[in-house]
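Below is one structure, written out as structure tokens; the observations come after it.
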Amino acid sequence: MLTLKNITESKDEVIRRLAKKCFNGKEIIENVISLDEKRRNVQTQLDAGLAEMNKLSKEIGDLFKQGKQAEANEAKVKTTEIKEASTKLSDELKTIEAELNSILVTIPNLPHESVPEGRVAEDNLVERSGGAIPELGKDAVPHWELAKRYDLIDFELGVKITGAGFPVYKGKGARLQRALISFFLDSAREAGYLEIQPPYLVNADSGYGTGQLPDKEGQMYHATADDLYLIPTAEVPVTNIYRDVILNESELPVMNTAYSACFRREAGSYGKDVRGLNRLHQFDKVEIVRIDKPEHSYQSLTEMVDYVQSLVDKLELPWRILRLCGGDMSFTSALTFDFEVYSAAQQRWLEVSSVSNFESYQANRLKCRYRKADDKKIQLCHTLNGSALALPRIVAALLENNQTPDGIRIPKTLIPYTGFDIID
RNA sequence: GGAGAGGUGCUCGAGUGGUUGAAGAGGCACGCCUGGAAAGCGUGUAUACCCCUAAAGGGUAUCGAGAGUUCGAAUCUCUUCCUCUCCGCCA
């Protein structure tokens, strides 16, 4: 969430920038500011009362020690009044703070100045693109048919075992998954990221830390018996490593990578969007996460985007990078680049990665801070993450784009990992 | 799941009602000492919020979390979470 300091110190700018995210913040920001004034006022009064109490308590203690019982008892009477007032003020403070917090979590992050105006996906800017879109013959088929033809992925079997959106990968289909995961992790490590194997279940605190809770609770599978949540992305456990942590400036940027299975309930979805591998309840993804200092975070974002680009290039997939417009960005992001690869048989672009800088929005909730080297002051870190990459749609594009009469060709980079060069 | 022990600052560790934000030790930082280093000596070493702010300064809260008793709680009571040990189960 946004910091109170940011809101109160640059109210007009905050309102202006929120507008780009199609968020009318005028009224809500005014409300925050007046609540904050009230909060400070109440705390000042409360603190004064408590200070008086502490003073009196010490005096009473001294009086008892000196055996002056009568005077001590007299002083006790005075405390009752102060105590009552303090209790009232304290309750008031808690109410105000809770209200303030509940409002703050409804305000989205401010978009970066470079975010284009726009409301919907069509308003996103194509930043750049690469790779050649293959010319497939008339008999080209979508990946779900290829998966069946070569017995790579069994969607119906997944339905039997679990339900829709939980495919079973078999044979070369399973080996391709494993190859991609290894390739992505090895590449990330070579690029300087520390490999992490996180838990797949997280507690509620972690859910709040990265912002899945409370508003997006429905997106996550909830293991109610133990009150744990299945992770929708490795971002959640990996970023939460740094919850309530004060890093040294010299440790930044932190660069972590993790593979995990990801679980998403994805309530509203329909039609061709959900065919085959396009949208699943369980899928595999390698994530990259960075924690950085503010003045370097956009450099980090650029490096992350370039890194993801190197992956799709190595996989020989046609790709494009979108700079998301204000209206299409996620709630928490300040700047997001989406990667799409072209799925030649479906004749559509598929999102395979989303690389974002959250600036201090997520860090504020996480309380992830760092100590500056020069003046030792503590301030919020910036957090960033990106998929590098999500497997299902990469697999869809690989299968479709590389289909030939003889079988499905495996890109050169992947062959050492798969152990085969063609699926036939 | 059953039984027991325990959660204190960067770490270890003392502390069973009153100048304890917290002894002591270690670590770390800076300074002195040294030709250099070690040892030694000295100083410092939490976070959040509020007031005041140019700076300095002052206040409040925090000893897993929450509630209670009390003029006063790290210390007493209750609730809760977590960790460890033994048993059971088990990849």
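Below, chains carry the letters A, B, ... as their sequence lines are ordered, and counting in each starts from 1. Scope of the values below: all heavy atoms of this structure, side chains included, with no hydrogens, waters or symmetry mates.
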Rounded distance [0.5 Å steps], CD1 in A/I288 versus CE in A/M304
4.0 Å

Name the nucleic acid region contacted by A/A51, choosing base, sugar-phosphate or nothing; use a 4.0 angstrom heavy-atom cut-off, strictly under.
sugar-phosphate

A/F64 atom CZ is separated from B/U19 atom P, nearest whole Å, by 16 Å

Can you tell me how far P in B/U16 sits from the matching atom in B/G6, rounded to whole Å?
14 Å

If you measure from the C1' atom in B/C71 to the same atom in B/G66, how many Å do you get, rounded?
23 Å

When you check the phosphate oxygens OP1 and OP2 of B/C71, does a side-chain N or O of A/N54 lie under 4.0 Å from one of them?
no

Check each of A/N364, A/L35, A/V32 against A/L4 using the side chain to side chain contact (heavy atoms under 4.5 Å, CB included) test, and report the only one that passes.
A/V32

To the nearest angstrom, the CG-P distance between A/L56 and B/U19 comes to 16 Å

If pairing requires Watson-Crick or G-U wobble contacts with both distances under 3.5 Å, which nucleotide is the partner of B/G40?
B/C32

Figure out the CG/P separation between A/N203 and B/U83, and round it to whole Å.
10 Å

Which one is paired to B/U47, where only Watson-Crick or G-U wobble pairs with both distances under 3.5 angstrom count?
B/A61

Using Watson-Crick or G-U wobble geometry with both distances under 3.5 Å, which nucleotide pairs with B/C86?
B/G2

A/R243 and A/N240: side-chain donor and acceptor closer than 3.5 Å?
yes

Length of the CG-C1' vector between A/L50 and B/C71, whole Å
14 Å

Fit a plane to each ring of A/Y193 and A/Y307, take the angle between them on a 0 to 90° scale, and name the class: parallel (under 30°), tilted (30 to 60°) or perpendicular (over 60°).
tilted

Starting at atom CG of A/D227, determine the distance to atom C1' of B/U80, rounded to an integer number of angstrom.
13 Å

Does the side chain of A/D36 come under 3.5 Å of the side chain of A/T8 through a donor N or O and an acceptor N or O?
no

Across every strand shown, the nucleotide meeting Watson-Crick or G-U wobble geometry with B/A91 (both distances under 3.5 Å) is none

Decide whether a cation-pi geometry holds between A/K172 and A/Y150; the criteria are a distance under 6.0 Å from NZ or CZ to the six-membered ring centre and an angle within 45° of the ring axis.
no

Return the nucleotide paired to B/U70: Watson-Crick means purine N1 to pyrimidine N3 with N6-O4 or O6-N4, wobble means G-U with N1-O2 and O6-N3, both under 3.5 Å.
none

B/U83 versus B/A65 - spacing of their C1' atoms, nearest Å:
15 Å

Atom pairs, N/O to N/O, protein against nucleotides 63-68 of chain B, distance under 3.5 Å?
residue	atom	partner	partner atom	Å
B/A67	OP1	A/K94	NZ	3.2

Calculate, to the nearest 0.5 Å, the distance between atoms CZ and CZ belonging to A/R264 and A/R279 respectively.
10.0 Å

Taken to the nearest 0.5 Å, the spacing of A/L110 CG from A/Y361 OH works out to 9.0 Å

Give one of base, sugar-phosphate or nothing for A/K58, where a contact means two heavy atoms less than 4.0 Å apart.
nothing

With both distances under 3.5 angstrom, what nucleotide forms a Watson-Crick or G-U wobble pair with B/C10?
B/G26

Assign each of A/I60 and A/A48 the nucleotide of RNA chain B bearing its closest heavy atom; nearer the 5' end lies the nucleotide of A/A48

Taking CG from A/N248 and P from B/G27, how many angstroms apart are they, rounded to a whole number?
19 Å

If I pick the C1' atom on B/A23 and the same atom on B/G13, what distance separates them, to the nearest angstrom?
10 Å

CD1 of A/I423 to CG of A/D406, rounded to nearest 0.5 Å, is 13.5 Å

Rounded P spacing from B/U47 to B/G42 in Å
26 Å

Gap in Å between the two C1' atoms, one belonging to B/U75 and one to B/G64, rounded:
16 Å

Take A/L152 and A/L399 through the side chain to side chain contact (heavy atoms under 4.5 Å, CB included) test and state the conclusion after the steps.
CA-CA 10 Å; A/L152 302 173; A/L399 297 182; 3.9 Å; yes

Rounded to the nearest angstrom, tell me the gap between atom CD in A/E59 and atom P in B/U19.
15 Å

Distance, C1' atom - from B/C28 to B/C81, rounded to whole angstrom
32 Å

Short side-chain donor-acceptor distance under 3.5 Å, A/Q362 and A/E235
yes

Could you state the CG-C1' distance from A/D244 to B/U62, rounded to the nearest angstrom?
13 Å

Reading nucleotides 47-53 of chain B from 5' to 3' and marking B where a protein heavy atom lies under 4.0 Å of the base, S where only the sugar-phosphate is that close, and - otherwise, the string is SSBSS--

Mind checking the C1' distance from B/G15 to B/G9? Whole angstroms is fine.
14 Å

